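Remember, it's 1-based here, ligands and their atoms both numbered in the order they're listed. If you read the sequence from its start, that first residue is 1, and numbering goes on from there. Being a predicted model, the structure only gives us computed values, none of them experimental.
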Amino acid sequence: MRLLLVEDDSMIGEAVLDLLRAEHHAVDWVRDGDMADTALRTQRYDLVLLDLGLPRRDGLAVLRDLRARKDRTPVLVATARDAVPDRIAGLDAGADDYVLKPYDLDELLARIRALLRRAAGRAEPIYEHAGVSLNPSTHEATVNGEPVQLSAREWSVLEPLIARPGVVLSRTQLEEKLYGWKDEISSNAVEVYIHGLRKKLGAELIQTVRGLGYCVPKGGSGA
Ligand code: CA
C-alpha cells in the first residue's frame with residue numbers, strides 16, 4: 001500500500017520508514033505540516049501516519065484541512081503517551097485512530113493493518129479469495145493450502161487487488177502502491193509482477209480489464 005509518513009524527528013522517521021518498507025509498503029516521508037498538506041493534495045494514499053507536533057503547520061491543522069476537502073484517506077495520529085487531550089482533539093478533527101509515542105513498533109503495525117482493513121470495508125484479518133490466502137501480519141501466502149513465496153513487490157501489487165474484489169485498479173494506481181518518490185519506475189514493472197503472480201497463483205486470480213487495468217473478480221472460484 002502507499003503510505004504517507006509525517007514526522008519531523010529524523011531518527012524516529014528513519015526507523016518508521018524502514019519498518020514500513022519492510023512491511024512491503026511504498027512510503028513517502030515529509031517532515032513538516034506544509035509538505036504534508038502538499039503531499040496530500042497531490043498524491044492519493046492508503047493511509048497517513050500523522051505526527052501532531054510539526055514545524056510550519058501542526059498536524060491537527062493538516063488533518064482539519066484534509067477532512068474539510070472531504071478527503072477520506074485513513075489517518076492514524078501519533079500523540080505523546082501522556083497527552084490525552086491531543087488524542088481527543090485528533091479523533092474529533094477526523095483521525096480514524098491514534099497511536100502513542102514513543103512507538104511500540106509492533107502495535108503501530110497492527111493498528112496500520114487494522115485501519116487498512118477497515119478502509120477496504122473488511123473485518124477479517126486474512127485475505128481469502130478463490131483458494132488464495134494472504135496474511136498481512138505474517139506475509140504468508142498460500143494457494144489451496146500450499147505455501148507460496150511472493151516477493152515484496154508481488155505482494156504490493158496483489159494486496160490492493162485482493163483487498164477489494166471487483167474493484168479495477170489501473171496500472172498507474174498499482175505503480176503508486178509499489179514506489180515512493182525516490183524510486184525509479186520501469187514502464188512495464190506492473191505487467192512483470194502480474195505475470196509472476198499468475199504463474200504462482202494461477203492464471204484466473206487476476207484478470208486484465210482491457211483498457212482499464214486489473215482486478216480480482218468478485219466471487220471467483222478455483223485458483
Ligand atoms: Ca513532532
Side-chain angles (χ1 to χ4, degrees), residues 1-120 125 136-137 139 152 155-156 159-160 163 175-184:
M1 301 290 189
R2 182 76 173 250
L3 273 50
L4 180 66
L5 167 62
V6 187
E7 172 61 65
D8 57 313
D9 183 294
S10 294
M11 273 180 54
I12 297 173
E14 273 164 29
V16 174
L17 185 69
D18 287 348
L19 181 81
L20 297 178
R21 288 193 170 154
E23 291 291 304
H24 309 343
H25 295 301
V27 187
D28 300 326
W29 176 18
V30 294
R31 300 163 190 245
D32 69 55
D34 281 349
M35 285 178 65
D37 188 69
T38 302
L40 286 164
R41 287 171 188 273
T42 50
Q43 173 72 47
R44 289 215 65 80
Y45 292 97
D46 296 294
L47 182 141
V48 184
L49 176 58
L50 179 66
D51 187 31
L52 291 184
L54 294 169
R56 292 174 180 271
R57 190 182 314 192
D58 79 28
L60 275 182
V62 173
L63 177 57
R64 288 199 184 100
D65 282 357
L66 181 77
R67 295 308 188 218
R69 298 196 296 274
K70 308 223 185 300
D71 188 318
R72 296 179 170 193
T73 303
V75 176
L76 184 55
V77 291
T79 71
R81 222 153 258 284
D82 53 357
V84 175
D86 281 358
R87 269 177 249 162
I88 295 169
L91 292 168
D92 283 341
D96 299 276
D97 195 6
Y98 64 84
V99 64
L100 303 179
K101 292 173 91 173
Y103 292 124
D104 178 297
L105 296 179
D106 289 335
E107 183 192 4
L108 173 62
L109 291 178
R111 285 185 188 271
I112 287 173
R113 285 193 294 272
L115 258 190
L116 290 173
R117 192 158 72 218
R118 249 180 283 158
S137 62
H139 293 119
W155 186 284
S156 302
E159 186 177 12
E175 278 171 354
E176 288 175 351
K177 314 291 187 191
L178 273 175
Y179 299 98
W181 288 326
K182 287 175 186 157
D183 298 319
E184 297 246 337

(request) Please determine if Asp8 and Arg56 form a salt bridge, counting it only when a charged side-chain N lies under 4.0 Å from a carboxylate O. (result) no
(message) Could you identify the N, O or S atom of Asp51 positioned closest to the Ca ion (ligand 1)?
(response) OD2
(request) Report yes or no: does Ala78 have an N/O/S atom closer than 3.0 Å to the Ca ion (ligand 1)? (result) no
(request) State plainly whether the residues Arg41 and Asp71 are in salt-bridge range, i.e. N to O under 4.0 Å. (result) no
(message) Among Arg87, Arg118, Arg111, which residue satisfies the side-chain hydrogen bond (donor to acceptor under 3.5 Å, both in side chains) criterion with Asp97?
(response) Arg111
(request) Report yes or no: do Tyr98 and Asp86 form a side-chain donor-acceptor pair below 3.5 Å? (result) no
(request) Could you check which N/O/S atom of Asp8 is closest to the Ca ion (ligand 1)? (result) OD1
